Protein chains: 2
Amino acid sequence: MFEKYLKQLKEKNLKVTPQRLEILKYLDEHRTHPTVDEIYQNLKKNNPSLSKTTVYNSVETLDQYNIIQSITITGNEIRYDFNREMHHHFLCKTCGEIIDIDVTCPMQDNMLNCKHQIDEVHWYFKGICKNCLEKER
Amino acid sequence: MFEKYLKQLKEKNLKVTPQRLEILKYLDEHRTHPTVDEIYQNLKKNNPSLSKTTVYNSVETLDQYNIIQSITITGNEIRYDFNREMHHHFLCKTCGEIIDIDVTCPMQDNMLNCKHQIDEVHWYFKGICKNCLEKER
DNA sequence: TTCTTTATTTGTAATCTTTACAATTTAACA
DNA sequence: TGTTAAATTGTAAAGATTACAAATAAAGAA
């Protein structure tokens with residue numbers, strides 16, 4: 001059940017703790033780009049001794065080791081994404097949902113060859129999602 | 001001296017206040033993507049009665065009316081950019097500087113024609129800037 | 001298994017950014 | 001000059017994140 005996450009932690013020589021496994025599982029099963037508070041509130045139900053600081057520490061570590069990805073699209077809070085493969089995000093300013101966007105750009109390689117060392121690429125699009133557009137009519 | 005900013009405000013039917021003019025001037029002359037606090041601390045020197053809430057309110061309004069642009073690259077705080085023309089940003093994780101990046105992508109039009117209504121496009125790149133790379137050696 | 005070391009977890013308090021709100025002031029216009 | 005609506009101000013509150021020290025637990029050695 002947790003083998004997949006366990007493997008990811010071991011590959012990076014990170015200690016395997018129940019908290020980290022639960023957080024990874026939650027992120028894997030909830031691809032809605034949750035905040036620390038969302039993760040915490042939900043995991044606390046079955047793990048009452050969980051501390052919010054642990055969630056902060058864990059997602060920071062998992063992000064540093066490229067096991068998960070952090071998303072700063074809203075500006076109000078950091079969100080986390082289990083999917084760390086190259087993909088991008090759309091924020092609906094009406095419903096607040098963050099939708100995955102898959103585009104690749106032929107120019108991107110040019111970018112990556114510029115004078116700076118580029119480790120992360122984030123594209124954020126903002127507007128109104130198609131569901132909210134339909135409701136508006 | 002303030003004619004340019006005055007015109008931008010009047011075009012959007014926004015009231016012209018000394019605070020808004022000073023904030024616009026500061027952002028125009030400091031293209032370093034400052035935070036609210038940076039703007040506030042600097043303008044306070046010559047305008048001791050300035051309130052930080054005014055800076056928050058003003059940048060929010062200016063952003064809403066597309067006079068300035070907000071940048072959420074760091075996740076810790078919102079930064080503001082006088083230049084609202086299409087351009088992108090690179091965050092150096094070593095020195096913290098945010099550098100303008102000018103790339104356009106032929107795929108972008110495809111994106112803009114997708115099912116969602118896209119109002120804003122932000123590309124954020126993170127890594128180590130060329131200055132910091134040189135110092136590392 | 002047990003012991004040891006080191007990293008992680010936990011809870012509390014502190015910090016930092018942003019928002020809420022009501023009173024005061026001011027810009028815009030008649 | 002007077003009126004009205006909007007902006008500014010200061011204070012307090014809220015929300016997100018970090019600091020820190022004590023307690024706990026994981027990993028590897030004995």
Side-chain angles (χ1 to χ4, degrees), chain A residues 2-3 5-24 26 33-44 46-65 67-68 70-80 96 98, chain B residues 2-3 5-24 26 33-44 46-65 67-68 70-80 96 98:
Chain A
F2 288 109
E3 292 79 11
Y5 316 123
L6 202 142
K7 194 176 155 234
Q8 286 184 291
L9 292 171
K10 290 208 164 171
E11 275 172 359
K12 302 286 167 78
N13 285 314
L14 290 171
K15 284 197 177 167
V16 176
T17 68
Q19 291 85 348
R20 287 176 174 174
L21 292 173
E22 289 288 352
I23 290 166
L24 278 171
Y26 185 84
H33 320 95
T35 60
V36 161
D37 194 58
E38 284 169 60
I39 301 170
Y40 170 67
Q41 296 299 341
N42 282 288
L43 292 184
K44 205 176 51 166
N46 293 319
N47 312 268
S49 73
L50 180 68
S51 164
K52 195 183 271 194
T53 304
T54 299
V55 182
Y56 275 104
N57 290 337
S58 298
V59 292
E60 193 194 355
T61 303
L62 296 171
D63 184 25
Q64 276 172 357
Y65 283 84
I67 297 175
I68 64 174
S70 67
I71 309 288
T72 63
I73 190 168
T74 60
N76 295 320
E77 76 282 296
I78 305 178
R79 293 171 170 275
Y80 292 90
I98 297 172
Chain B
F2 287 109
E3 292 80 12
Y5 316 122
L6 202 142
K7 195 177 155 233
Q8 288 184 290
L9 292 171
K10 289 208 164 171
E11 276 172 1
K12 303 286 167 76
N13 286 313
L14 290 172
K15 285 197 175 168
V16 176
T17 67
Q19 292 85 347
R20 287 175 174 176
L21 292 173
E22 289 288 352
I23 290 166
L24 278 171
Y26 185 85
H33 320 95
T35 61
V36 161
D37 194 58
E38 283 170 59
I39 301 169
Y40 170 68
Q41 296 300 341
N42 282 287
L43 292 184
K44 206 176 50 165
N46 292 318
N47 311 269
S49 73
L50 179 67
S51 165
K52 193 182 273 194
T53 304
T54 300
V55 183
Y56 274 104
N57 290 337
S58 298
V59 293
E60 193 193 357
T61 303
L62 296 171
D63 184 25
Q64 276 173 356
Y65 284 84
I67 297 174
I68 63 175
S70 66
I71 309 289
T72 62
I73 190 167
T74 59
N76 296 320
E77 76 283 296
I78 304 177
R79 294 171 168 275
Y80 292 91
I98 296 170

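Predicted model only: the values in this text are computed from it and were never measured. Side chains are part of it too, since the values below use all heavy atoms of this structure and drop only hydrogens, waters and symmetry mates.
For A:Lys10, the NZ atom is loosely surrounded, since the number of other residues' heavy atoms within 6.0 Å does not exceed 12. In B:Phe2, the CZ atom is crowded: over 12 heavy atoms of neighbouring residues, nucleotides or ligands sit closer than 6.0 Å.
Contact annotation for B:Thr17: backbone-only contact, meaning every heavy-atom pair under 4.0 Å involves sugar-phosphate atoms and none involves a base. Residue-level contact check: B:Thr35 touches neither bases nor backbone, having no heavy atom under 4.0 Å from any strand. At the heavy-atom level, A:Ser58 lies under 4.0 Å from the strands shown only through sugar-phosphate atoms. At a threshold of 4.0 angstrom between heavy atoms, the contacts of B:Thr61 with the nucleic acid are absent.
Between B:Gln19 and the phosphate of C:dT26, there is no side-chain N or O to OP1/OP2 separation shorter than 4.0 Å. Not one side-chain nitrogen or oxygen of A:Ser49 sits closer than 4.0 Å to the OP1 or OP2 atom of C:dT9. The phosphate of C:dT9 has neither OP1 nor OP2 within less than 4.0 Å of any side-chain N or O from A:Thr53.
For B:Leu14 and B:Lys52, each mapped to the nucleotide of DNA chain D holding its nearest heavy atom, the one lying further toward the 5' end belongs to B:Leu14.
Judged by atom type and distance alone, A:Lys15 reaches the base of C:dT6 through a side-chain donor-acceptor pair under 3.5 Å.
In this structure, a donor-acceptor pair under 3.5 Å is absent between the side chains of A:Asn42 and A:Glu38.
Residue A:Asn57 contributes atom CG, which lies 15 Å from atom P of D:dA21 at whole-angstrom precision. B:Leu21 places its CG atom 13 Å from the C1' atom of D:dA7, with the value rounded to the nearest Å. Residue A:Asn76 contributes atom CG, which lies 9 Å from atom P of D:dT17 at whole-angstrom precision.
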